[in-house]
2 protein chains.
Amino acid sequence: MSHTPGVRQAQKQQTRRALLDAALRLLEHQSLSSLGLREVTREVGISPAAFYRHFRDTGELGTALVEESFGSLHGMLRAIRAEQAGPDEVIRRSVEVTAHYVRLHRAHFRFLARERHGGVRSVRNAVDAGFRLFGEELAADLAAQPGYRGWSRDDIRMLADLFVDLMVATAAALLEAPPDDPQAEERIVDTARRRMRLISLGRQHWLDP
Amino acid sequence: MSHTPGVRQAQKQQTRRALLDAALRLLEHQSLSSLGLREVTREVGISPAAFYRHFRDTGELGTALVEESFGSLHGMLRAIRAEQAGPDEVIRRSVEVTAHYVRLHRAHFRFLARERHGGVRSVRNAVDAGFRLFGEELAADLAAQPGYRGWSRDDIRMLADLFVDLMVATAAALLEAPPDDPQAEERIVDTARRRMRLISLGRQHWLDP
DNA sequence: AGTTTCGGAGAACAGTTGTTCACTGACGGA
DNA sequence: TCCGTCAGTGAACAACTGTTCTCCGAAACT
């Protein structure tokens with residue numbers, strides 16, 4: 001019996017996933033540059049040599065994690081896009097969406113926050129490129145909205161990148177807070193909301209004088 | 001001859017400085033958690049065992065670097081405070097001051113940006129505490145200014161922390177750009193200026209309706 | 001069916017790591 | 001001047017690292 005032609009590939013991707021998950025688990029308490037190849041395989045329960053069947057080195061594993069993490073982030077972008085509302089309404093809601101996604105994908109967010117300025121150049125560049133793309137897409141979304149009539153392309157981009165940076169900042173703050181302390185979390189979210197309100201005000205008066 | 005009573009201590013502090021400088025040099029291309037004790041002593045040119053005369057481990061060296069780095073940052077705070085001007089003028093000028101200090105203390109800024117979310121908990125906490133203090137001091141400065149009459153303590157703090165986060169973000173962006181490309185640098189500074197203008201507008205209308 | 005492909009095991013390798021130890025020799029107080 | 005202090009040495013240690021190699025067995029192809 002059995003010539004179903006996908007068993008091999010499925011098993012391979014299964015241990016690949018196990019490697020990624022193990023790495024993600026270990027990376028909650030350390031940074032990529034200190035993550036050992038043997039450490040990861042030990043966590044998974046396979047031999048060190050098997051690692052090379054999937055990645056050239058831990059750096060390559062890192063870039064794979066970057067792509068995966070930005071997958072989670074794009075879900076966030078779609079969620080924000082889905083809320084059809086005025087510009088200021090969207091801005092306020094984006095804080096809630098951020099908090100929600102941080103709770104959902106803690107490990108991914110932590111990884112991005114940590115490796116954005118981390119010690120592995122290739123990964124750092126990948127993260128940077130990802131955020132740049134994210135900013136571009138957000139800017140395109142904003143440009144399509146009414147309420148940004150009269151805004152220059154550069155100014156929209158500036159605003160989008162500002163949102164991205166603040167999202168990262170609040171996400172990082174949420175990650176630093178204990179995951180089961182809703183009070184600390186609420187304090188952070190509340191501050192983030194006020195930040196967004198201030199930026200909303202700036203946005204409304206951008207074309208004023 | 002010789003009974004000048006400070007030679008010993010001076011020599012000790014000299015190699016301590018050498019250790020800190022060597023570490024700072026190495027940390028431009030890697031993160032603290034991957035920094036080896038032997039690596040640092042090799043760079044300085046002393047035996048590995050000598051390291052223990054100064055620090056218990058690389059983590060302790062890290063916290064020492066945190067304090068030192070915040071020394072540079074406080075110079076920045078004083079420079080901004082020195083400029084006696086209106087609130088919006090100060091906000092705009094702070095971008096220039098930031099860029100200036102990043103150019104002056106590249107290694108320190110990079111270290112803080114990297115280890116703020118890095119893999120060594122004790123250092124991460126030290127960096128966080130430092131930024132918190134920095135935010136508090138900035139908030140106190142703002143509160144003393146006219147133009148913040150009617151602002152709640154919390155809102156001033158929110159604004160101060162917002163400045164800090166944005167300063168870190170622009171500093172990180174400047175660090176990512178090549179150090180000898182004034183054009184790329186100018187683009188980043190220009191974006192930062194527009195960000196600040198937008199926040200300035202939000203600030204002006206904070207108490208409006 | 002027989003044969004090739006390939007993910008994984010296990011052992012071996014040369015290096016490197018952090019930490020300890022007894023030591024040396026210049027400093028610094030008596 | 002003598003003597004204690006102490007920053008730095010150099011060797012030794014067990015533990016660990018990344019990488020390479022040959023081999024195995026099950027899946028896939030013909």
Side-chain angles (χ1 to χ4, degrees), chain A residues 1-23 25-27 29-65 115 118-123, chain B residues 1-23 25-27 29-65 115 118-123:
Chain A
M1 54 176 161
S2 85
H3 62 103
T4 14
V7 178
R8 208 121 213 217
Q9 199 175 349
Q11 280 177 341
K12 177 166 186 181
Q13 274 187 331
Q14 189 176 330
T15 73
R16 188 188 139 99
R17 259 257 60 85
L19 283 168
L20 291 169
D21 287 339
R25 220 174 305 134
L26 292 167
L27 285 172
H29 300 289
Q30 53 186 316
S31 57
L32 183 65
S33 58
S34 76
L35 183 71
L37 177 156
R38 289 183 108 104
E39 214 177 342
V40 182
T41 58
R42 200 184 309 128
E43 176 88 359
V44 173
I46 63 177
S47 89
F51 183 92
Y52 294 101
R53 305 288 182 193
H54 302 273
F55 307 102
R56 201 181 309 278
D57 50 34
T58 52
E60 197 170 295
L61 186 152
T63 42
L65 284 178
E115 300 305 328
V120 184
R121 176 181 291 274
S122 62
V123 172
Chain B
M1 55 178 159
S2 86
H3 62 103
T4 13
V7 177
R8 206 106 209 229
Q9 198 175 348
Q11 280 177 340
K12 177 167 185 180
Q13 273 186 331
Q14 189 176 330
T15 75
R16 187 189 140 100
R17 258 257 61 84
L19 284 168
L20 291 169
D21 287 339
R25 221 173 304 133
L26 293 167
L27 285 172
H29 300 289
Q30 53 187 311
S31 58
L32 184 65
S33 58
S34 75
L35 183 71
L37 177 156
R38 290 182 107 105
E39 214 177 342
V40 182
T41 58
R42 199 184 309 129
E43 176 89 359
V44 173
I46 62 177
S47 91
F51 183 91
Y52 295 101
R53 304 289 181 194
H54 302 272
F55 307 103
R56 200 182 310 277
D57 50 35
T58 52
E60 196 171 295
L61 186 153
T63 41
L65 283 177
E115 301 306 327
V120 184
R121 175 181 292 273
S122 62
V123 172

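Note on naming: letters A, B, ... go to the chains in the order of the sequence lines (proteins, then strands), and numbering restarts at 1 for each one.
With dG10(C), dT9(D), dA12(D) as the choices, the nucleotide that has an atom nearest any side-chain atom of Arg38(B) turns out to be dA12(D). For Tyr52(B), counting side-chain heavy atoms from C-beta on, the closest listed nucleotide (dG8(D), dG18(D), dT20(C)) is dT20(C). Listed nucleotides: dT19(C), dG7(C), dG10(C). Nearest to the side chain of Lys12(A): dG7(C). Comparing dG18(D), dG8(D), dG28(C) by their nearest atom to the side chain of Val7(B) picks out dG28(C). In the set dT16(C), dC6(D), dG18(D), dT16(C) carries the atom at the smallest distance from any side-chain atom of Arg42(B). Checking dT20(D), dA27(D), dG8(D) against every side-chain atom of His54(B), the shortest atom distance belongs to dG8(D).
The CZ atom of Arg16(B) sits 17 Å away from the P atom of dC6(D) (whole-angstrom rounding). Rounded to whole Å, the distance from CD on Gln11(B) to C1' on dG25(C) is 12 Å. Put simply, CG on Asp57(B) is 16 Å from P on dT17(C), counting in whole angstrom units. Rounded to whole Å, the distance from CZ on Arg56(A) to P on dG18(D) is 17 Å. In this entry the distance linking CD of Gln14(A) with P of dA27(D) reads 13 Å, nearest Å. With rounding to whole Å, Ile46(B) atom CD1 is found 19 Å from dG25(C) atom P. Rounded to whole angstrom, the span from the CD atom of Gln9(B) across to the C1' atom of dC27(C) amounts to 13 Å. When the P atom of dT20(D) is taken as reference, atom CG of Leu37(A) falls 11 Å away, rounded to whole Å.
Distance check: Lys12(B) NZ to His54(B) NE2 gives 6.0 Å after rounding to the nearest 0.5 Å. Distance CZ/Arg42(B) to OG/Ser47(B): 12.5 Å, rounded to 0.5 Å. Residue Arg16(A) holds its CZ atom at 8.0 Å from CG of Leu61(A), rounded to the nearest 0.5 Å. Note that CD of Glu43(B) and CG of Leu26(B) are 4.5 Å apart. Values are rounded to the nearest 0.5 Å. Atom-to-atom distance recorded for Thr15(B):OG1 and Arg53(B):CZ is 11.0 Å, nearest 0.5 angstrom. Residue Leu27(A) holds its CG atom at 8.0 Å from OG of Ser34(A), rounded to the nearest 0.5 Å.
OP1 or OP2 of dG8(D) lies within a sub-4.0 Å distance of a side-chain N or O belonging to Thr15(B).
Residues Leu20(B) and Leu65(B) form a side-chain contact, since some pair of their non-hydrogen atoms from C-beta on lies under 4.5 Å apart.
Counting any heavy atom pair closer than 4.0 Å across all strands shown, Phe51(A) reaches no nucleic acid atom.
Counting distance only, with no hydrogens placed and no angle test, the side-chain atoms of Arg53(A) and the base atoms of dC6(C) include no donor-acceptor pair under 3.5 Å. In this model, a side-chain donor or acceptor of Arg8(A) finds a partner on the base of dT5(C) within 3.5 Å.
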Quick one, Phe55(B) with Thr63(B), criterion side chain to side chain contact (heavy atoms under 4.5 Å, CB included). Give me CA distance, side-chain angles, the key distance, then yes/no. CA-CA 10 Å; Phe55(B) 307 103; Thr63(B) 41; over 6 Å; no
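Terminal axes of the helix from dA1(C)-dT30(D) to dA12(C)-dT19(D) (five pairs each, C1' rotation axis) are separated by 10°, to the nearest 10°.
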